[in-house]
Every structure is written in structure tokens, then in C-alpha cells.
Amino acid sequence: MNEVQSGTGRKLLLVHGLGGSRASWSTVMEPLSVDKTVIAIDLPGHGATPAEPDSGTFDSLVGSVERYIADKGLDGIDAVGSSMGARIVLELARRGRVGNVVALDPGGFWRGWERTFFKATIGISGRLLRAIRPALLTLSKNAASRTALLAQLSARPWALDPKTVATELESLSTTPTFDALVHDLSSGSEQTGPAADPSHQIVIGWAMIDYACRAGGAGKGRLSLRQFALV
């Protein structure tokens, strides 16, 4: 699994979201590395890590990260995940493979129409980006087109760094397992407990505005969330 490491100190694993890569953490790698050894990975089928035969499913990605942790001797490592990566680190906490966890806007707690909304809108976004891939760099430089492309994924897309946006959109448009993962995430099982190790902290955070992994799903999924011994 492709990785990049930075800094020294207690180890911290960063797991990106659907269609992202280790580059998704580029804006925070340096400050996090001041007192930690930060490890950012490319999930199978993302970035520079080749897809495995079943990398189009959530369970397979969790298994891949679980094997990576075991092979590298990183059992109990603290982990941070974003979106799909946030759900992955929650599942790893449920399995007792990681230490303290921060999950930012995780999937897996949605209900009813929220699944359909996610599948339809994210699926359309993926197809659109593949269709206009040659123009992504140019479109990312313009605040108006940047805002249109990221309306579902950012509350202030016009304020984002154009180069960072271009990198993210290029990654999303070239992820071979994107459609399969959208289908699996929207039709598969919800995130489940039981509670993780009470000696570790689990923090789940939702943005004030999130049109992909909607915070409404968090509210409706309170019983599921309580299974994670939140701090």
C-alpha cells in the first residue's frame, strides 16, 4: 500500500475518503508532523495503490487497511479518517485494531432517502468529472467553476486553493473503483457497534454543512453512535 511518512513521535495514521488519496491530507501533514510520525496511505484503487480484485467494497478496504496495520506492526496506532476513511477507522476501532480515533463526517449512519441521495448525487458527480477530466485543471483555477464543481463537497469552494482542488478532482475522476464503492456504500449495511475499547477515545465530528454524509444521519443514528463510547 502506497504511503508517505513525515515527522517523529507517536504514530498517527491518516485515511482519506472516497476518490481521494494521501494528497488529501497535504494541507495538514506539516502541522501534524511537528510532534508525531504521520503516515498517510493510498487506499487500494486510489492514488498510487493498485486496486485488488474486491477493492470496490467497503469491507475489502477495511480488510486491506487491517492487513497493512498488521504487516507494518502498527497495531493500536491512533487514526484519523475523513468521509469513507472516517467510517473505515471507526470499523477498525470496532475490531480493536487501532487506538484513539477521530472520524470526520463518516458514512454508514444514513437512513432511507439519504442513501438514495448519496448514490444519485455522488454518482453523477463522478461521471461528470470523468467526462470533463481534461479541463479540470483549468476549471479549478476559476472561482465560479470551482464552486459549481464542489457545491456538494465544500461549504466554501471558491475559497479553496485551486491546485489542491485540481489534485482532488483529478484523483476522484481517475479512481477505477469509484462507481462500485458508491453502489456498495449506498446499498450495504450500516456502521455497527459494539463499543470500542473504553481505554481509547473516539471522537466523531460533522461539519455544519455536509451534503454527502449528512449530519441528519448522525441524529437519526444516535443509538448506533452510542455503541462507540464517544468522548
Side-chain angles (χ1 to χ4, degrees), residues 1-2 13-22 24 41-69 79-95 97-98 101 103-131 133 152-153 168-194 196 204 206 210-218 220-221 223-225 227-228:
M1 193 175 294
N2 187 51
L13 179 66
L14 305 181
V15 184
H16 63 78
L18 174 62
S21 72
R22 59 182 178 82
S24 299
I41 59 173
D42 287 335
L43 292 169
H46 296 70
T49 302
E52 298 173 346
D54 56 352
S55 293
T57 68
F58 173 76
D59 284 342
S60 171
L61 293 183
V62 175
S64 295
V65 181
E66 192 170 22
R67 289 190 295 274
Y68 166 83
I69 289 173
V80 178
S82 172
S83 193
M84 181 181 72
R87 185 177 178 187
I88 288 174
V89 299
L90 285 179
E91 177 60 20
L92 291 170
R94 189 187 74 84
R95 299 183 185 187
R97 301 311 302 268
V98 293
V101 161
L104 304 172
D105 295 298
F109 296 104
W110 36 49
R111 299 287 190 276
W113 68 269
E114 291 168 337
R115 288 174 175 265
T116 305
F117 178 86
F118 169 81
K119 182 177 183 179
T121 56
I122 295 297
I124 290 172
S125 294
R127 292 191 291 274
L128 172 63
L129 291 176
R130 288 194 291 270
R133 184 185 305 159
Q152 186 179 4
L153 302 177
E168 286 295 292
L169 295 182
E170 176 71 17
S171 176
L172 192 153
S173 69
T174 56
T175 298
T177 55
F178 185 85
D179 290 342
L181 284 168
V182 169
H183 174 76
D184 185 71
L185 291 167
S186 60
S187 60
S189 61
E190 299 170 1
Q191 183 60 49
T192 59
I204 300 178
W206 257 278
D210 189 323
Y211 297 122
C213 300
R214 301 175 68 87
K220 296 171 187 174
L223 292 178
S224 298
L225 285 170
Q227 296 174 334
F228 284 100

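Minimum heavy-atom separation, A48 to P50: O-CD, 3.6 Å. Taking every heavy atom of both residues into account, R87 and S189 meet most closely at NH2-O, 2.8 Å. Nearest heavy-atom pair across L185 and R115 is O-NH1, 4.2 Å. Of all non-hydrogen atoms in S64 and M1, the two that sit nearest each other are O-CE, 3.7 Å. In terms of heavy atoms, S21 sits closest to G47 at CB-CA, 4.0 Å. The two residues R133 and S173 have their closest heavy-atom pair at NH2-O, 2.7 Å.
Side-chain atoms of S55 never come within 3.5 Å of backbone atoms of G45 as a donor-acceptor pair (strictly under, hydrogens ignored). At distances below 3.5 Å, at least one donor-acceptor pair connects side-chain atoms of T175 with backbone N or O atoms of S171.
Partners of S125 according to the side-chain contact (heavy atoms from CB on, under 4.5 Å) rule, which considers only residues two or more places apart in sequence or in another chain, are Q152. L13 meets the side-chain contact (heavy atoms from CB on, under 4.5 Å) test with V15, I39, I41, V65, Y68, I69, I77, A79; sequence neighbours excluded. The side chain to side chain donor-acceptor pair (under 3.5 Å) test applied to N2 returns D42, not counting sequence neighbours.
Between H46 and H16, the two ring planes are tilted [angle within 30° to 60°].
Using a 4.5 Å heavy-atom cutoff, the side chains of L104 and S83 are not in contact. D54 places none of its side-chain heavy atoms less than 4.5 Å from the side chain of D184.
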